[in-house]
Chemist: 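Before we start, here is the structure in question, set down as structure tokens.
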Number of protein chains: 2
Amino acid sequence: MSQYKEIATTLKNRIKTGDYETGQHLPSQKELADEFGTSRVTIQKALDELSNANLILRRQGSGTTVAPNSQSTLDILSSQYEGTTKLFEGRNKVTTQVLNFEIRLPNPHEQKRLAISSSTPVYDVLRLRNVDKEPYELDHSIMPLSVIQNLTEEIASGSIYKFIESTLNLKIGSSIRKITADTPQKNDQKYLKCNHGEPILQVSQTVHLSDGRAFEYSQTRHRYDKGGVIVINNSLSSNSLDV
Amino acid sequence: MSQYKEIATTLKNRIKTGDYETGQHLPSQKELADEFGTSRVTIQKALDELSNANLILRRQGSGTTVAPNSQSTLDILSSQYEGTTKLFEGRNKVTTQVLNFEIRLPNPHEQKRLAISSSTPVYDVLRLRNVDKEPYELDHSIMPLSVIQNLTEEIASGSIYKFIESTLNLKIGSSIRKITADTPQKNDQKYLKCNHGEPILQVSQTVHLSDGRAFEYSQTRHRYDKGGVIVINNSLSSNSLDV
DNA sequence: CAGTGGTCTAGACCACGTT
DNA sequence: ACGTGGTCTAGACCACTGC
């Protein structure tokens, strides 16, 4: 691990433990450089990490302070979006029912979203995730075999993300998601136990590896009383758009 | 404007105009440093900007390439979320009806979201935004007078964001948003012309200035057939969470 | 004016991919 | 082996804030 990342982790922990309190000043960059026995530029790279995560506010002339909401931001960071399995890990019981698992050729829409040709086969996986035995989300994922291999129904009944990161040793990069509301369809009524008039929150996303290859196009549908997406935006990477 | 930001803008333009094509290599950092007559570190800071915006992919050993989707990412960046007025600027006609405009004291929920005391008065503004004469969104904003002053009903019928940035000369910083689906309420039926069974997409957000002060807590409700939120995530600032 | 963060340099070494 | 991007240094100057 690089020095500036180690320092960033240390500083994050100091905020988490209240060593640096919300609203209070951090030591100056020069003091931190002395403490960690490094240069000011390295401290600045560490502070960049905290700044990107919205944990600190830097003001030229007056110093660096711990951001308001730093504690709730830390909560969100600690359960970063890496699939439903990780989100609920330890707190709730997640079970997954694989409703469909097949390999087929992609339709034109999927070809476009995944940037693959019509001859590249894809996994088509439909899963129902339950949290504490209550239906939580209905997930339909398309993954190209050119990127993801050796996926089985058994793996799909656990965490596909863990399989990709740990077993295939691939690094997940950026994603683009569109969040919309919709009326319940037949499958929503059947599996999520939605009645007529009970809205669905749908998240459509394409997820990429860090090398830029798209590895998943999915549509996830939530009951409106169990769904919701939280987005944190900073001026640096203003990354959310209402359409 | 600092040198690295100028260079970042130049490089973004080269991607926009197709000078650097999607998937193709950029010149190496050394070549760029020579071209711009600067050091490699400055080029790297410029590339950080593009990387944060998901416009490029950097691979140790093999070089920097223009990201897939760079063109659609540019589209999104060019209409960053700065209020509905800016989003539709030039393309559609946005009109705003101010349905309620008052100054009052905040309730406990609003006090918490805006981090203000019970004695700090707030503006309470309810607005209906129409795009091309069709109802688009119903927006309920709470803003503390300790931050925003001299707001009038006339200003509210235009763009409050432009007023804050241009007239008050304040800089907008981070925001935190929660996106949910909901059933239509009385106001939705009245103003957004929703029927029973037509879902609402709701965005609740708290927006901060760059100095960390919260200046707006709002709830915006969209017709399900005219709403949607797009979110771009990168590993750097993974900033979205399903709850 | 003193102290803070922001920018920039010239050069060094390392980690990684490709050939 | 070579070229790429990643990290790091020691020092400099600038911009801004607050006393």
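Chain A is the first sequence line, chain B the second, and so forth, proteins listed ahead of strands; every chain is numbered from 1.
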Chemist: For D/dG6, take OP1 and OP2 only and decide whether either is under 4.0 Å from a side-chain N or O of B/Gln29.
Modeler: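 Yes, B/Gln29 has a side-chain N/O under 4.0 Å of OP1/OP2 on D/dG6.
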
Chemist: Could you tell me how far apart B/Glu49 (CD) and C/dT7 (C1') are, to the nearest whole angstrom?
Modeler: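 B/Glu49 atom CD is separated from C/dT7 atom C1' by 13 Å.
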
Chemist: Rounded off to whole Å, could you give me the NZ-to-C1' distance for the A/Lys5 and D/dG6 pair?
Modeler: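 Those two atoms, NZ and C1', are 9 Å apart.
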
Chemist: Can you measure B/Phe36 atom CZ to C/dT9 atom P for me and round it to whole angstrom units?
Modeler: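 Going from CZ in B/Phe36 over to P in C/dT9 covers 13 Å.
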
Chemist: Would you say the side chains of A/Thr220 and A/Glu137 form a donor-acceptor pair under 3.5 Å?
Modeler: no

Chemist: For A/Gln3, which contact category applies under a 4.0 Å heavy-atom criterion: base, sugar-phosphate, or nothing?
Modeler: sugar-phosphate

Chemist: Please state whether the phosphate of C/dT4, meaning OP1 or OP2, lies under 4.0 angstrom from any side-chain nitrogen or oxygen of A/Thr64.
Modeler: no

Chemist: Please check if the number of heavy atoms outside B/Gln71 that lie under 6.0 Å from its CD is greater than 12.
Modeler: yes

Chemist: Would you kindly compare A/Gln44 and A/Gly63 by the position of their nearest DNA chain C nucleotide and give the one closer to the 5′ end?
Modeler: A/Gly63

Chemist: Send over the distance from B/Ile43 CD1 to D/dT7 C1', rounded to a whole Å.
Modeler: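 Distance check: B/Ile43 CD1 to D/dT7 C1' gives 17 Å.
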
Chemist: Between P on D/dC8 and CG on B/Asp48, what's the gap in Å once rounded to a whole number?
Modeler: 14 Å

Chemist: Given atom CG of B/Leu32 and atom P of C/dC8, what is their separation to the nearest angstrom?
Modeler: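 The distance from CG of B/Leu32 to P of C/dC8 comes to 15 Å, rounded to the nearest Å.
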
Chemist: Could you tell me whether the phosphate oxygens of D/dT4, OP1 or OP2, come under 4.0 Å of any side-chain nitrogen or oxygen in B/Arg59?
Modeler: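 For D/dT4, neither OP1 nor OP2 has a side-chain N or O of B/Arg59 closer than 4.0 Å.
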
Chemist: How does each nucleotide of nucleotides 10-19 of chain C score, in 5' to 3' order, for protein heavy atoms under 4.0 Å: base (B), sugar-phosphate only (S), or none (-)?
Modeler: BBB--BBS--

Chemist: Indicate the ring-plane relationship of A/Tyr123 and A/Phe101, choosing parallel, tilted or perpendicular according to the 30° and 60° boundaries.
Modeler: tilted

Chemist: Are A/Thr96 and A/Arg127 linked by a side-chain donor-acceptor pair shorter than 3.5 Å?
Modeler: no

Chemist: Within the structure, does a side-chain N or O atom of A/Lys45 lie under 4.0 Å from either OP1 or OP2 of D/dC8?
Modeler: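 Negative; the distance criterion is not met.
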
Chemist: Angle between ring planes, A/His109 versus A/Tyr217, binned at 30° and 60°: parallel, tilted or perpendicular?
Modeler: perpendicular

Chemist: In whole Å, what is the span from the CG atom of B/Leu57 to the C1' atom of D/dT4?
Modeler: 15 Å

Chemist: Between A/His208 and B/Asn54, do the side chains contain an N or O donor and an N or O acceptor separated by less than 3.5 Å?
Modeler: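 There is no such pair (donor and acceptor under 3.5 Å, judged by atom type) between the side chains of A/His208 and B/Asn54.
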
Chemist: Provide, to the nearest angstrom, the distance between the CZ atom belonging to A/Arg58 and the C1' atom belonging to D/dC16.
Modeler: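 A/Arg58 atom CZ is separated from D/dC16 atom C1' by 15 Å.
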
Chemist: Whether A/Tyr4 contacts D/dT7 is assessed here as follows: a side-chain N or O lying under 4.0 Å from the phosphate OP1 or OP2. Is that the case?
Modeler: yes

Chemist: Any side-chain donor paired with an acceptor under 3.5 Å for A/Ser117 and A/Thr120?
Modeler: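 Yes, side-chain donor-acceptor contact under 3.5 Å.
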
